[in-house]
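Following: one structure in structure tokens, then a few remarks.
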Amino acid sequence: PAVTASASPSAVTSASPSGSQPASPVASVQATDTLAHVNAKLEDQLPDTIQNVPLTRFSLILSAFIASPPAGGDKALYAAWLVKFGKTPADVDMAISFVASDQLDFNARAIAVPGVSAASLSSTFEQVAKSAGWTVKSYPNLMLTGKTVLEMIDPTAAAGPTGGAGYVYARDGVLYEIITNDQALLQDALIRMP
């Protein structure tokens, strides 16, 4: 998924989960920008480095992420997914970890939906993505990490130069997303994340 990183709480990272080549990050984070930190514990579940490259972490209410530019991608999936649990994007927090330069094509996210099982989070997200026309494949024990991961391809981003791939799994009431077109970064993130 395409990543647009801005350090303000209302204009933030946008990436849509999808398959083999996600879109590369475009970062405009400057020293004067302030990132929101509404859920530091959720941020701590994401890596702060990937292959020795420092990552920037922040968190916000999911509705703020959805409202940030650009529109589309995975943002179109969240409301339909959460309604299945009686929640809205204003009810849940999202943490994002991203490379604040074009050094690497990587970002990771965590969306906390307390009280919902990992199996329900993943299967419902898969159903919503498939209903929206996304291609979804399940990979048990992906890269021998012990995690069953859904590879999700956004059909609108897949036609672009970098594809539209993301990787999704859930643990303990949190849906995790990894967006990268680099298999080594994907494996490193899967090993280091919960």
Side-chain angles (χ1 to χ4, degrees), residues 1-4 10 12-23 25 38-39 42 45-46 59-98 106-142 145 147-160 162-181 186 189-190 193-194:
V3 177
T4 305
S10 60
V12 296
T13 304
S14 164
S16 43
S18 357
S20 29
Q21 289 198 358
V38 300
N39 191 331
L42 192 58
Q45 295 188 40
L46 297 175
S59 55
L60 67 166
I61 297 170
L62 182 58
S63 56
F65 172 75
I66 292 170
S68 68
D74 58 324
K75 292 177 180 182
L77 304 178
Y78 295 125
W81 170 62
L82 289 170
V83 76
K84 309 277 188 188
F85 310 115
K87 298 188 182 299
T88 71
D91 298 328
V92 299
D93 296 337
M94 170 188 248
I96 299 171
S97 179
F98 70 100
F106 176 86
N107 82 77
R109 303 186 217 153
I111 302 171
V113 188
V116 180
S117 73
S120 290
L121 290 175
S122 291
S123 65
T124 306
F125 199 67
E126 177 181 13
Q127 291 167 5
V128 168
K130 284 181 174 178
S131 293
W134 291 47
T135 301
V136 181
K137 296 178 187 171
S138 179
Y139 294 96
N141 195 20
L142 182 63
T145 60
K147 295 179 173 96
T148 296
V149 177
L150 299 172
E151 177 186 65
M152 305 180 79
I153 301 173
D154 177 345
T156 60
T162 57
Y167 303 87
V168 177
Y169 73 96
R171 289 274 192 281
D172 302 322
V174 178
L175 185 79
Y176 295 95
E177 300 172 79
I178 301 167
I179 295 92
T180 184
N181 63 4
L186 173 62
L190 287 170
M193 288 168 64

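The analysis underlying the following values was restricted to heavy atoms, covering all of them including side chains, and did not include hydrogens, waters or symmetry mates. Computed from a predicted model, the values in this text were never measured in an experiment.
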With sequence neighbours excluded, what pairs up with A132 under the side-chain contact (heavy atoms from CB on, under 4.5 Å) test?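 Scan of A132 (side-chain contact (heavy atoms from CB on, under 4.5 Å), adjacent residues dropped) gives L77, W134.
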Among T124, V116, V168, find the one that has a side chain to side chain contact (heavy atoms under 4.5 Å, CB included) with L175.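 Only one option passes, and that is V168.
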Check whether any side-chain heavy atom of [X] lies under 4.5 Å from a side-chain heavy atom of [Y], and answer yes or no.
{"X": "V149", "Y": "I178", "answer": "no"}
{"X": "S68", "Y": "K75", "answer": "yes"}
{"X": "Y167", "Y": "L190", "answer": "no"}
{"X": "D93", "Y": "I61", "answer": "yes"}
{"X": "K147", "Y": "L142", "answer": "no"}
{"X": "V92", "Y": "Y78", "answer": "no"}

What pairs of residues pass the salt bridge (Lys or Arg N to Asp or Glu O under 4.0 Å) test when at least one of them lies in residues 129-142, not counting sequence neighbours?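 As it turns out, the salt bridge (Lys or Arg N to Asp or Glu O under 4.0 Å) pairs with a partner in residues 129-142, which skip direct neighbours, are E126-K130.
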Does L82 form a side chain to side chain contact (heavy atoms under 4.5 Å, CB included) with L62? I'd like the steps, not just the answer. CA-CA 11 Å; L82 289 170; L62 182 58; 3.6 Å; yes
Residues which pass side chain to side chain donor-acceptor pair (under 3.5 Å) with [X], listed by chain and number, not counting sequence neighbours:
{"X": "S59", "result": "E43"}
{"X": "S120", "result": "S117"}
{"X": "Y176", "result": "Q45"}
{"X": "D91", "result": "T88"}

Minimum heavy-atom separation for [X] to [Y], with atom names?
{"X": "Y169", "Y": "S122", "value": "C-OG, 4.0 Å"}
{"X": "T148", "Y": "S138", "value": "CG2-OG, 3.6 Å"}
{"X": "L42", "Y": "N39", "value": "N-OD1, 3.0 Å"}
{"X": "L60", "Y": "A64", "value": "CD1-CB, 3.6 Å"}
{"X": "S97", "Y": "F106", "value": "O-CE2, 4.3 Å"}
{"X": "A90", "Y": "S63", "value": "CA-OG, 3.7 Å"}

Measuring from L46:CG to R109:CZ, what's the distance to the nearest 0.5 Å?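 Answer rounded to 0.5 Å: 10.5 Å.
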Spacing of N107 atom CG and I179 atom CD1 [to the nearest 0.5 Å]: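 The CD1 atom of I179 is 4.0 Å from CG of N107, to the nearest 0.5 Å.
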With sequence neighbours left out, what residues match K84 under salt bridge (Lys or Arg N to Asp or Glu O under 4.0 Å)?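 For K84, no residue satisfies salt bridge (Lys or Arg N to Asp or Glu O under 4.0 Å) once neighbours in sequence are set aside.
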Closer than 3.5 angstrom, by distance alone: can the side chain of W81 be matched with the main-chain N or O of L121 as a donor-acceptor pair?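 Judged by distance alone, yes, a pair lies under 3.5 Å.
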Is K87 reaching over with its side chain to a backbone N or O of V113, donor-acceptor style, under 3.5 angstrom?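 It does not hold such a pair.
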